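Quick note: residue numbers are just sequence positions, from 1. This one's a predicted model, so the numbers in the text were calculated from it and none came from an experiment. Values reported hereafter were calculated over all heavy atoms of this structure, with side chains retained and with hydrogens, waters and symmetry mates removed.
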Amino acid sequence: MAMHDGHRQRLRKRYLQSNLLGFDDLAILELLLCFAIPRRDTNPIAHHLLDRFGSLAAVLEATPEELQQVEGVGESAAVLLTLVPAVARRHMEQRAQIHEPLRTTGQLAAYLAPRFFGERDEVVWLLCLDARLRPLDCRLLFRGSVNSSAISVRKIVEVAMGCGASSVVLAHNHTSGLAVASREDERTTQRLKAALDAVDILLADHIIIAGDDYVSMAASGCLY
């Protein structure tokens, strides 16, 4: 027990002195697990996690259920590990919160991209803008394929009208990593544009985000 305590203290001291400089994936996982597993050597558990998932990123993107299938990982450890990317996503979202007009595709993508950080599922967000292109609201609408029958054009229109939006931007992610619009993406965009036109709200763009890349349906000519 004393040996494990000493190792934990050394890990914490290294972190305080140099942030994560010099830490490999194993050491980072060990340090994280120390806060959820107080009375065990976390080194073997960190090894089990890396053996199962292959990298720190893959561990942090795993579901609580998947994590708890690894020897030594209980509910507390699974909650802590899944909390890391969730907190990072919230941090990025709040840093991206601005009240200046979003006039360009690049500004829109930069504003929306943090909301997709670490997502394993396809999710759909709606950004509502006022007449000066300033954000009024940015809301998670759906979890699942943007082309699924669960997507309700009526709900999107209702949210946009409820915000008093002059224009909106729809955004969703491709978990495949390919920022390429499909035929279904194009059809969904056209259906939504027609519904919004009917209530005098502009569909300014539909942005598809895949990792660090994105594609704009407006720039692709799909909205004209």
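With contacts defined as side-chain heavy-atom distances shorter than 4.5 Å, the pair Thr82/Thr63 does not qualify. Side-chain contact between Ser167 and Leu203 is absent, with no heavy atoms from C-beta onward closer than 4.5 Å. Within the 4.5 Å cutoff, the side chain of Leu170 has no heavy atoms near those of the Ile207 side chain. Considering only heavy atoms from C-beta on, Lys155 comes within 4.5 Å of Phe142 through its side chain. For the pair Glu122/His172, a side-chain contact is recorded, criterion being any heavy-atom separation below 4.5 Å from C-beta on. Using a 4.5 Å heavy-atom cutoff, the side chains of Gln107 and Arg103 are in contact. The side-chain heavy atoms of Val180 and Val215, taken from C-beta on, include no pair separated by under 4.5 Å. Taking the side chain as every heavy atom from C-beta outward, Leu127 and Leu102 approach each other to under 4.5 Å.
A donor-acceptor pair is defined here as one N or O able to donate and one able to accept, closer than 3.5 Å; no such pair exists between the side chain of Thr42 and the backbone of Ile45. Judged by distance alone, with hydrogens and angles left aside, the side-chain atoms of Asp205 form a donor-acceptor pair with the main-chain N or O of Ala218 at under 3.5 Å.
Within a 6.0 Å sphere centred on CG of Asp121, heavy atoms belonging to other residues, nucleotides or ligands number more than 12. No more than 12 heavy atoms of other residues, nucleotides or ligands sit less than 6.0 Å from atom OH of Tyr15. Environment of CG in Asp212: sparse, with no more than 12 heavy atoms of neighbouring residues, nucleotides or ligands closer than 6.0 Å.
Every residue two or more places apart in sequence or in another chain that forms a side chain to side chain donor-acceptor pair (under 3.5 Å) with Arg139 is listed here: Asp137. Evaluation of the salt bridge (Lys or Arg N to Asp or Glu O under 4.0 Å) rule for Glu119 yields Arg143 as partners, not counting sequence neighbours.
The shortest non-hydrogen separation linking Leu80 to Ala36 is CD2-CB, 3.9 Å. Scanning both residues, Gly72 and Ile37, for their nearest heavy atoms gives O-CD1, 3.7 Å. Contact detail for Leu26 and Ala46: the closest heavy-atom pair is CD1-CB, 3.5 Å.
Under the 4.5 Å side-chain contact rule for hydrophobic residues, Leu31 and Leu29 share a cluster.
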**Q.** side chain to side chain donor-acceptor pair (under 3.5 Å) between Glu30 and His7, worked out
**A.** CA-CA 10 Å; Glu30 279 191 82; His7 182 55; 2.9 Å; yes
Q) Yes or no on side chain to side chain donor-acceptor pair (under 3.5 Å) for Ser166 and Asp130, after CA distance, side-chain angles and deciding distance? A) CA-CA 5 Å; Ser166 294; Asp130 67 14; over 6 Å; no
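Both tests hold for Arg12 against Phe35: distance to the six-membered ring centre under 6.0 Å, angle to the ring axis within 45°.
The structure places CG of Leu81 at 6.5 Å from CG of Leu49, a figure rounded to the nearest 0.5 Å. Interatomic distance, Leu129 CG to Tyr111 OH, rounded to the nearest 0.5 Å: 8.5 Å.
Side-chain atoms of Asp185 and Ser182 form a donor-acceptor pair, as typed in the model, at a separation below 3.5 Å.
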